[in-house]
Every structure is written in structure tokens, then in C-alpha cells.
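Data block below; observations after.
Reminder, nothing fancy here: chain letters follow the sequence lines and each chain counts from 1. Hydrogens, waters and symmetry mates are skipped; everything else that's a heavy atom, side chains included, is used.
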Amino acid sequence: MGMAERKHALNVKRSEDFSAWYQAVIQGAELAENASVRGCMVIKPYGFAIWERVQRLLDDKFKELGHVNAYFPMFIPVDLFEKEAEHVAGFAKEMAIVTHHRLEQQNGKLVPAGELETPLAVRPTSELIIGESMARWVKSYRDLPVLVNQWCNVVRWEMRTRMFLRTAEFLWQEGHTAHETEAEARAEATQMHEVYRWFILDVLKMFGIPGKKPDYDRFAGAVDTYTIECMMQDGKALQAATSHYLGQNFAKAVGIEFQGRDGSLNYAHTTSWGISTRIIGGLIMSHSDDDGLNLPSAVAPYHIIMIPMLKADNSQAVLDYCNKIKASLPRDVRAFLDTREFSPQNKKWDYVRKGVPLILEIGSNEVKSESVYFTKRLFLEKQSMSLNEFAKSVEQLIAAHDEMLKTHCEEACEKRINRDVSSLYEMRDFFRSNQNGFVIAKWAGKNDKLELLDDMSISIRCIPSLQSGAPGRCVLTGEEAATDAVFAKSD
RNA sequence: CGGGAAGUAGCGCAGCCUGGUAGCGCAACUGCCUUGGGAGCAGUGGGUCGGAGGUUCAAAUCCUCUCUUCCCGACCA
């Protein structure tokens with residue numbers, strides 16, 4: 001076209017280097033930074049504000065459904081893990097262990113002394129330590145169900161870490177419940193699966209396919225694992241939240257036993273479910289662009305930023321007018337007036353990188369004409385409006401932002417779903433040529449991994465729990481194909 | 001944990017091969033100028049060159065070790 005390309009707010013393009021771009025978004029929006037400790041991150045105030053929104057929305061929902069919050073220790077005696085064989089096998093390799101309780105000076109160096117008799121694991125998840133409590137709390141069917149949740153940090157010593165997506169320490173919420181019957185526990189697991197679907201798809205406007213994990217990929221110790229498999233803008237899958245029906249495995253391991261209605265002793269049926277700070281990485285990779293972050297309004301720290309365009313002769317009038325704008329907005333609209341003494345231009349691009357949905361620039365002209373001039377973050381469209389009209393329609397503007405975010409993300413992802421693959425070889429070709437995406441195909445339901453796909457890091461992400469769109473075709477000729485499965489690459 | 005790359009000012013980088021006063025762009029600060037839009041000009045401040053040890057008269061530069069980060073695998077939320 002001959003037109004010079006617009007300068008972008010980030011200096012890395014998503015299409016050129018996805019992973020460098022991902023990190024540039026985080027840095028540009030001041031979400032987090034690497035800590036000096038391997039694999040750990042500092043979540044900066046703006047990033048944490050997003051997490052606080054996530055917490056608030058989910059916590060309200062959990063409580064609405066009858067759950068209560070509690071707190072359990074972060075140290076778990078290692079021998080407690082020995083009680084559930086599959087569970088410990090699944091987590092052993094990534095466990096951080098505390099072996100000492102004291103430091104001593106030796107040649108000017110601090111060295112651990114006072115070895116512990118029983119080493120303590122730093123929790124990678126809390127099924128066992130919470131189950132141990134539940135075993136004390138539950139005597140009768142009348143004590144059930146137990147519906148607890150905790151917001152906490154957990155540690156998994158991963159080999160390769162990526163900010164928000166896989167850090168050695170991360171924040172999450174873990175719900176743990178115990179029930180009288182299998183049916184009740186299964187209903188709980190699927191209910192929380194639906195809560196996560198609602199949150200990730202409807203609230204965060206991400207694209208994902210809710211479903212069940214194939215047997216070989218369940219949570220260690222679970223009977224059934226449900227997941228929301230989200231598609232990122234590089235076409236790869238991200239497991240965004242999981243809920244598990246644990247059967248009686250953990251109840252037997254720690255002794256959650258109760259006397260039933262008929263007088264007999266029974267083991268409870270338990271569930272667990274969680275979502276972590278990984279979801280912020282998912283948000284970034286779902287909605288951000290070459291100008292930085294884009295946020296759905298539900299978790300955006302600010303809906304509106306007002307940048308005053310101050311000159312020597314107008315500053316009070318402009319500031320007064322900004323406050324008037326703020327006062328005229330509905331209460332639940334989060335508007336912020338940035339009076340810091342940086343240049344308005346730099347402030348504007350800061351907020352573009354931070355993904356604030358509506359960025360207002362207010363100067364003398366706006367004061368004179370009682371209007372607002374603003375940039376809509378998503379496509380950087382500029383618009384002018386009378387203050388009256390703006391105050392009346394601001395909620396619609398925000399709703400429109402969310403709607404566009406949703407549509408934009410969904411359409412891009414739908415385009416990358418392939419339901420026409422009819423053999424594993426065709427699947428390989430698809431992933432080789434199409435820069436990733438999801439393949440939906442019939443799968444025979446066998447537990448073995450599909451080794452033909454292993455070398456390409458393609459795996460079955462889930463067996464969708466809701467039918468949407470046309471069914472996939474069979475990829476294993478001669479097999480009795482039962483269900484659709486989602487195949488994708490993941491990091 | 002295997003293979004590769006990298007760490008120099010807040011950010012992005014040059015300098016290293018061939019050892020000799022720590023540099024550039026952006027950002028910041030001061031002044032002037034400009035004023036509807038990521039301005040311009042001049043000036044200023046900011047670095048124990050990731051850390052430790054070694055070689056040397058002299059180390060950002062050479063050697064050894066170590067920490068951290070990034071990429072590709074394996075593993076996983």
C-alpha cells in the first residue's frame with residue numbers, strides 16, 4: 001500500500017516471535033518481573049490487581065455455591081505422601097523439600113544445621129493435608145458434605161519455567177470437598193467444571209473447550225479429571241483450570257470415614273478443583289496484540305483512564321473537568337485520573353500497553369465543549385462524544401469492548417479448528433503446515449498415548465463435555481470410535 | 001535434567017575477537033522552545049559491566065567455577 005506502518009507500543013511482533021512478544025507484553029504492562037530466585041516471579045501491583053479481580057469473582061461464586069474458605073499448612077510431612085502411591089509418583093519429581101530448621105555461621109557462611117527428623121514437603125497441592133483434617137472432622141453422614149476452599153501459594157520445582165504459565169511458586173485456589181455418595185461428588189466436580197467454563201469463557205472472554213482428560217493424563221490419584229483447554233494466539237493449547245473426581249482414593253489414604261444412614265462405615269468420595277495465576281498468562285496469550293495487553297472489563301483494574309492535557313493557563317479547569325467526568329460516571333465504572341507529571345503521550349501509550357479499555361485525553365477543547373475525547377484500546381479507534389452522552393453510554397461502551405474482545409478471540413480460534421482430519425498422518429500434516437490449532441477427531445478411547453504424534457508434541461487435550469460444531473472424523477481406521485477428542489500442541 | 005544462546009544505566013543494545021579512562025538510542029532530570037498529540041534544541045544525572053576466583057603492571061574484554069534468563073527437547077498447572 002506504500003503507507004508507513006504504524007509504530008506499535010511493543011518492540012516485538014506477535015507474529016514474528018510469539019514467546020518474546022509474550023514477555024514484552026508482561027514487561028510493557030508492568031504485570032510481573034523475574035525474581036532473583038530461580039523460576040520465581042514478582043507479581044507487580046498492576047498484575048496483582050488483575051489477580052485480585054479473579055479472586056473476588058471466583059470467591060463470590062464459590063461461596064454462592066456453599067463453599068467456605070479455610071487455611072492449611074504449606075508444609076506437609078513427606079511420609080503423608082507415602083499414603084497415596086499414584087499421587088506421590090505424580091509429584092515426587094517436582095517437590096521442594098525442607099530438611100533443616102536452623103542456620104549456623106561457618107567460616108562466614110550461613111549453612112543449614114538442625115536436620116529435621118521428618119523432611120517436610122512444601123505443598124505442591126493439598127489433597128493429603130486437607131484430607132487429614134477432613135478425616136478428623138467427619139464422623140457421620142451428617143458431617144457431609146465438607147466444602148472447603150483455600151487461596152494460597154504452592155511450589156512445584158519445574159525444570160523449565162515461564163512467567164505466569166509455569167513458575168516454581170504460584171498462587172492459586174484449591175477447593176476440596178468430601179461427600180457421602182459418588183453421585184454427589186461427581187456432581188460437585190462437574191459443577192465446578194462448569195464454574196470454570198463460565199469464568200474463563202464468559203467472564204474472561206477466552207476461547208476454550210471444556211472436557212475430560214484421557215485416562216493417561218489424569219491428575220495423579222484422580223478417577224476423572226475435567227479441564228478447560230484454551231487456545232492461545234499461537235494455536236497451542238493451555239490447560240486453564242481443572243476439577244477432579246477423586247473417588248475414594250484419598251479418603252482411603254487418609255481415613256475420611258463416616259457412619260452412614262444404615263449404620264455401616266463408609267469412605268467419603270472427594271473432589272478437588274483449582275485455578276492458578278497461570279490464567280493471567282492465558283489472558284495475555286488470548287487477547288493481547290502488538291500494542292500490549294487487552295483486558296476483559298471484569299478483571300481490568302481500570303475501565304477508564306483520564307489523561308489531562310495540561311498547559312500553564314488551563315490546568316485547574318482541566319482537572320476540575322476531569323473530576324466532573326468521573327463524578328458523572330456510574331459507580332461500578334472504575335475510572336482513574338492520572339495526574340502524574342509525565343508527558344501525556346507517554347502516559348497514553350503506557351495505558352495502551354496496560355490494556356485499559358477506554359483511554360480519555362482531556363484538554364481545553366473538551367472543557368469548552370463539555371465533551372470527551374477517547375481511544376478505544378482494542379483497535380485504537382478514536383472518538384469524541386458529549387459528556388452527557390458518554391456518561392449515559394459508558395456502560396454500553398464497556399460492554400461493546402467485551403463483546404468485541406470475545407468475538408475477535410473466538411473467530412480467530414474457530415478458524416484454527418480442523419474437523420476434517422481422517423488419519424493420524426493427515427493430522428501430522430495439518431500441524432506441520434498450519435502453525436498449530438486444534439484438531440477435533442474421533443478417538444477410539446484407548447488409554448495408550450498415540451505414539452505417532454509424540455514426536456510432534458501433539459497430545460489429546462480433552463474429550464469435549466459439550467458437543468459444539470460438527471463431529472470430527474475417525475483417525476484410527478478399523479477402530480470402534482466412540483467420542484470426539486481435541487488434539488493440539490501445548491507448551 | 002540434556003542441547004544451544006545470553007547477562008554492560010529503567011528499557012533496547014554496541015564495546016569483547018586483538019586487555020589500556022564505560023559508550024549509543026529511548027526513558028529520566030534542568031533550561032529554552034513548542035502546543036490536539038508517542039515534538040524539537042541544548043545541557044545534566046545515572047553503571048562496583050550477574051557473582052566469585054584466577055592470569056596480568058593493567059580485565060567488561062582472557063581462563064575456571066557459579067548464579068540467573070531465554071530458546072529447542074523431556075516433565076508438568
Side-chain angles (χ1 to χ4, degrees), chain A residues 6-12 17-24 27-28 30 33-41 89-95 109 124-125 153-174 196 213 217-220 225 227-230 237-244 272-282 291 307-314 318 340-353 359-369 371 373-375 380 382 384 454-457 459 461 489-491:
Chain A
R6 181 176 68 80
K7 185 177 169 184
H8 286 280
L10 301 180
N11 54 17
V12 190
D17 187 341
F18 192 82
S19 119
W21 164 83
Y22 172 76
Q23 288 162 99
Q27 191 186 350
E30 296 184 279
E33 62 193 17
N34 277 310
S36 56
V37 183
R38 196 200 83 94
C40 293
M41 66 175 170
F91 283 104
K93 280 172 288 180
E94 54 192 46
M95 209 106 72
K109 289 261 178 201
T125 180
N153 57 341
V154 290
V155 168
R156 298 183 188 177
W157 214 258
E158 301 287 351
M159 290 297 111
R160 188 178 170 192
T161 59
R162 288 186 72 191
M163 230 181 281
F164 286 113
L165 300 172
R166 193 183 303 103
T167 44
E169 179 193 21
F170 57 93
L171 304 183
W172 76 348
Q173 144 289 305
E174 49 179 329
Y196 291 137
K213 279 288 182 190
D217 197 20
R218 285 177 316 213
F219 173 74
T225 288
T227 174
I228 315 291
E229 290 296 321
C230 295
L238 184 79
Q239 183 173 318
T242 51
S243 35
H244 317 287
S272 67
W273 28 275
I275 191 170
S276 73
T277 36
R278 167 181 278 189
I279 200 67
I280 295 174
D291 293 305
I307 300 173
M309 314 295 292
L310 302 176
K311 295 176 197 172
D313 59 342
N314 75 357
V318 169
R340 293 174 309 155
E341 288 183 55
F342 292 105
S343 86
Q345 291 83 359
N346 287 342
K347 284 202 267 190
K348 173 185 167 176
W349 287 99
D350 273 354
Y351 290 114
V352 166
R353 281 186 286 265
I359 300 166
L360 276 54
E361 290 162 85
I362 304 298
S364 298
N365 289 355
E366 284 71 28
V367 175
K368 261 181 245 149
S369 57
S371 68
Y373 173 81
F374 59 96
T375 304
L380 298 182
K382 290 165 184 165
S384 239
D454 266 2
D455 64 309
M456 293 182 68
S457 312
S459 59
R461 305 310 305 168
K489 285 193 195 179
S490 76
D491 276 323

In this structure, OG of A:Ser364 is separated from CE of A:Met309 (nearest 0.5 Å) by 10.0 Å

Assign each of A:Glu341 and A:Met159 the nucleotide of RNA chain B bearing its closest heavy atom; nearer the 5' end lies the nucleotide of A:Met159

* For A:Ser457, answer base if it contacts any base atom (sugar-phosphate contacts may also be present), sugar-phosphate if it contacts only those atoms, and nothing otherwise; contact means non-hydrogen atoms under 4.0 Å. => sugar-phosphate

Letter by letter from the 5' end, nucleotides 30-40 of chain B scores (B base, S sugar-phosphate only, - none; protein heavy atoms under 4.0 Å) -----SBBBS-

Distance check, C1' atoms only: B:U44 and B:A52, in whole angstrom units.
36 Å

* Asked: Within the structure shown, what part of the strands sits under 4.0 Å from A:Asp491 by heavy-atom distance: base, sugar-phosphate, or nothing?
  -> base

Practice item. Answer whether the closest heavy-atom distance between the side chains of A:Lys213 and A:Glu229 falls below 4.5 Å. Key: yes

Do A:Lys93 and A:Trp157 have side chains that get closer than 4.5 Å, going by heavy atoms?
-> no

Pairing partner of B:U34, by Watson-Crick or G-U wobble and under 3.5 Å for both distances, is none

**OP:** For A:Thr242, answer base if it contacts any base atom (sugar-phosphate contacts may also be present), sugar-phosphate if it contacts only those atoms, and nothing otherwise; contact means non-hydrogen atoms under 4.0 Å.
**Re:** nothing

Expressed as a whole number of Å, how far does the C1' atom of B:G38 sit from that of B:G47? 28 Å

Separation of B:A74 atom C1' from A:Lys489 atom NZ, nearest Å, is 16 Å

C1'-based separation of B:U18 from B:G10 [nearest Å] | 33 Å

When the P atoms of B:G3 and B:G40 are compared, how many Å lie between them, rounded to an integer? 49 Å

One should read off an interatomic distance between A:Thr167 OG1 and A:Arg162 CZ, to the nearest 0.5 angstrom, of 12.0 Å

Using a distance-only criterion (donor-acceptor N/O pair, under 3.5 Å, no hydrogens), is the base of B:C76 paired with the side chain of A:Arg156?
no

Have a look at A:Glu94 and say if it touches a base, only the backbone sugar-phosphate, or nothing, with a 4.0 Å heavy-atom cut-off. sugar-phosphate

Exercise for review: Could you give the distance separating B:U55 and B:C62 at their C1' atoms, to the nearest angstrom?
Suggested key: 8 Å

Partner of B:G2 under the Watson-Crick or G-U wobble criteria, both distances under 3.5 Å, comes out as B:C72

Note to self: Within the 4.0 Å heavy-atom criterion, would you say A:Thr167 contacts the bases, only the backbone, or no part of the nucleic acid?
What the structure shows: base

Requested in this report: Could you give the distance separating B:A14 and B:U8 at their C1' atoms, to the nearest angstrom?
Outcome: 10 Å

Heteroatom pairs (N/O) under 3.5 angstrom, protein to nucleotides 6-12 of chain B:
residue	atom	partner	partner atom	Å
B:C11	O3'	A:Gln27	NE2	3.1

side-chain hydrogen bond (donor to acceptor under 3.5 Å, both in side chains) between A:Thr227 and A:Arg461: does it pass, once the steps are laid out?
-> CA-CA 9 Å; A:Thr227 174; A:Arg461 305 310 305 168; over 6 Å; no

In Watson-Crick or G-U wobble terms, with both distances under 3.5 Å, the base opposite B:C24 is B:G12

Pairing partner of B:G7, by Watson-Crick or G-U wobble and under 3.5 Å for both distances, is B:C67

Protein and nucleotides 66-71 of chain B: nitrogen or oxygen contacts under 3.5 angstrom:
residue	atom	partner	partner atom	Å
B:U69	OP1	A:Gly39	N	2.7
B:C71	OP1	A:Ser19	OG	2.3

One should read off an interatomic distance between A:Gln239 CD and A:Cys230 SG, to the nearest 0.5 angstrom, of 10.0 Å

Checking N1-N3 plus N6-O4 or O6-N4 for Watson-Crick, or N1-O2 and O6-N3 for wobble, each under 3.5 Å, the partner of B:G19 is none

Fill in: Sugar-phosphate, base or nothing in reach of A:Ile275, heavy atoms under 4.0 Å
nothing

Rounding to 0.5 Å, atoms CH2 (A:Trp349) and CG (A:Leu10) come to a distance of 10.0 Å

How are the rings of A:Phe18 and A:Trp21 set relative to one another: parallel (under 30°), tilted (30 to 60°) or perpendicular (over 60°)? tilted

| query | Is it true that a side-chain atom of A:Thr277 and a backbone atom of A:Leu171 form a donor plus acceptor pair closer than 3.5 Å? | reply | yes

Distance, C1' atom - from B:G45 to B:G31, rounded to whole angstrom: 15 Å

Determine the Euclidean distance between corresponding P atoms of B:G36 and B:G46; express it in Å to zero decimal places.
36 Å

In whole angstroms, the gap separating C1' of B:C76 from CH2 of A:Trp157 amounts to 15 Å

Within-4.5 Å side-chain heavy-atom neighbours: A:Leu380 and A:Asp291
yes

Original post:
Is A:Thr225 close to A:Asp217 at the side-chain level, that is, under 4.5 Å between some pair of heavy atoms?
Top reply: no

Atom CG of A:Asp350 and atom C1' of B:C26 are separated, to the nearest Å, by 13 Å

Between the CG atom in A:Leu360 and the NZ atom in A:Lys348, the distance rounded to the nearest 0.5 Å is 11.0 Å

Checklist line | Electrostatic pair A:Asp350:A:Lys347 at N-O distance under 4.0 angstrom | finding: no

